[in-house]
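Read the numbers this way: they start at 1 and go in the same order the structure lists the ligands and their atoms. Along the sequence shown, residues carry numbers from 1. Worth saying up front: this structure is predicted, and the values here are computed from it rather than measured.
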Amino acid sequence: MTDEHAVRILEEKIRTMQMEAESLRKELNYYKSEMEKLLSPPLIEAIVLDILEDGRVVVKSTSGPNLVVNVSGTVDFSSIKVGRYVALNQRGSAVVEVLRDRDDPLVRSMEVVERPNVRYQDIGGLDQQIQEVREVVELPLKKPELFKELGITPPKGILLYGPPGTGKTMLAKAVATESNASFIHVVASEFAQKFVGEGARVVRDVFELARKKAPSIVFIDEIDAIGAKRVDLGTSGEREVQRTLMQLLAEIDGFQPLDNVKIIAATNRIDILDPALLRPGRFDRLIEIPLPNIEGRKQILRIYLQKMKVDNSVNVDELAMMTEGFSGADLRNLCTEAGYIAIRNDSNVISMTHFKSAIERLRSKKLSKEVVDRGEKYV
Ligand SMILES: Nc1ncnc2c1ncn2[C@@H]1O[C@H](COP(=O)(O)OP(=O)(O)OP(=O)(O)O)[C@@H](O)[C@H]1O
């Protein structure tokens, strides 16, 4: 090897390590800010009812009585208006923050898409699951008379379970698209956290909206956040979550199997779900969405590769073999990463070498994330 060549290789190594250091620094910042979030004490949300002449304000906290409180010096007093949401400190004795204006709590907790645009053909490796969802959700929405005639009762709700990033949300969206149904996306962990004291009301509102927009599909992601088995109902937070779950069960029980609202829930943690959720007439059809096997990985890779400019060296079979354990989301990231590596190398076409470097990068990222996740369990 010539000296010049060796220098070039070392320079390239330095560049790669610098990029690696930069991305690790970003990751570190992310985890630091996550830790801060987890350690910061919760504030109490309240709404301003009146502003007194002496500078104090009357507020109503979402779950408690009306309070007369001071306003912290750090808050811009002119921004306090009757009807505004504010945050009280932990003791509930002072306004410490004026919250962003919002129309309705519901707006923050869910995304309503009249017609999503995900199609079954955009999903790789889940043919059997797609088939099942078509039979138990799409067909009853489109042709309820068929079921009436035959006297069959389709499930009211289905539960998709499996590891993160395997296409559960995609599948729920695709079934809404193909059934011409509105798609109402709620993230259960959000309304458990954001709507202290209001969870049950929000659930009611979600289903009211679903009826209004019918035919519709209510997709409840991370259902374990409200539907986990609870051993101890000691804290008020736990009781609140329990109330939210009860309301959800009541809403599901209030539907008929052939009504034009269907509920799809998703979880990564089926092992911790409250059996009440899985009783007949509720989420009684469980569909596993596993990590893709080699065939699945090939299908997913083909979906993404067809949109990319790749050269002849790119071999899908080989890539699928090299990506054991990758989810659909990982495979999509892999394609994007390979693209970035090509750009960095001034290449106008993506080659197998770019993919191989991308696999290495993603593997080491996945590994470090697993270490962090394992660490969290022991905190
Ligand atoms: N089977 C798949 N086929 C094609 N793309 C996929 C597949 N699975 C995941 N993806 C890609 O990964 C992204 C994330 O997937 P999705 O949100 O559907 O996963 P999920 O199972 O709902 O994950 P989570 O449990 O983290 O919510 C999708 O938008 C899509 O780009």
If you look at each N/O of ligand 1, which protein N/O atoms lie under 3.5 Å away, and at what distance?
{"unit_1": "ligand 1", "atom_1": "1 (N)", "unit_2": "G124", "atom_2": "O", "d": "3.0"}
{"unit_1": "ligand 1", "atom_1": "3 (N)", "unit_2": "G124", "atom_2": "N", "d": "2.9"}
{"unit_1": "ligand 1", "atom_1": "5 (N)", "unit_2": "Y304", "atom_2": "OH", "d": "2.7"}
{"unit_1": "ligand 1", "atom_1": "8 (N)", "unit_2": "T166", "atom_2": "O", "d": "3.3"}
{"unit_1": "ligand 1", "atom_1": "8 (N)", "unit_2": "G167", "atom_2": "N", "d": "3.3"}
{"unit_1": "ligand 1", "atom_1": "18 (O)", "unit_2": "T169", "atom_2": "N", "d": "3.3"}
{"unit_1": "ligand 1", "atom_1": "18 (O)", "unit_2": "M170", "atom_2": "N", "d": "3.0"}
{"unit_1": "ligand 1", "atom_1": "19 (O)", "unit_2": "G167", "atom_2": "N", "d": "3.2"}
{"unit_1": "ligand 1", "atom_1": "21 (O)", "unit_2": "T166", "atom_2": "N", "d": "3.1"}
{"unit_1": "ligand 1", "atom_1": "21 (O)", "unit_2": "G167", "atom_2": "N", "d": "3.1"}
{"unit_1": "ligand 1", "atom_1": "21 (O)", "unit_2": "K168", "atom_2": "N", "d": "2.9"}
{"unit_1": "ligand 1", "atom_1": "21 (O)", "unit_2": "K168", "atom_2": "NZ", "d": "2.9"}
{"unit_1": "ligand 1", "atom_1": "22 (O)", "unit_2": "T169", "atom_2": "N", "d": "2.9"}
{"unit_1": "ligand 1", "atom_1": "22 (O)", "unit_2": "T169", "atom_2": "OG1", "d": "2.5"}
{"unit_1": "ligand 1", "atom_1": "23 (O)", "unit_2": "G165", "atom_2": "N", "d": "2.8"}
{"unit_1": "ligand 1", "atom_1": "25 (O)", "unit_2": "K168", "atom_2": "NZ", "d": "3.2"}
{"unit_1": "ligand 1", "atom_1": "25 (O)", "unit_2": "N268", "atom_2": "OD1", "d": "3.2"}
{"unit_1": "ligand 1", "atom_1": "26 (O)", "unit_2": "G165", "atom_2": "N", "d": "3.4"}
{"unit_1": "ligand 1", "atom_1": "31 (O)", "unit_2": "Y304", "atom_2": "OH", "d": "2.9"}
{"unit_1": "ligand 1", "atom_1": "31 (O)", "unit_2": "R332", "atom_2": "NH1", "d": "3.1"}

(message) On the six-membered ring of F326, is R363 placed so that its NZ or CZ lies under 6.0 angstrom from the centre and within 45° of the ring axis?
(response) no
(request) Ignoring hydrogens and angles, tell me if any N or O in the side chain of K156 forms a donor-acceptor pair with the backbone of D284 under 3.5 Å. (result) no
(message) Name the residue from I270, L159, L249 that meets the side-chain contact (heavy atoms from CB on, under 4.5 Å) definition with L277.
(response) L249
(request) Could you tell me whether a side-chain N or O of N29 sits under 3.5 Å from a main-chain N or O of K26, the two making a donor and an acceptor? (result) no
(message) Ignoring hydrogens and geometry beyond distance, is a side-chain donor-acceptor pair present between E22 and Q18 at under 3.5 Å?
(response) no
(message) Other residues, nucleotides and ligands only: do more than 12 of their heavy atoms fall within 6.0 Å of CD on E360?
(response) no
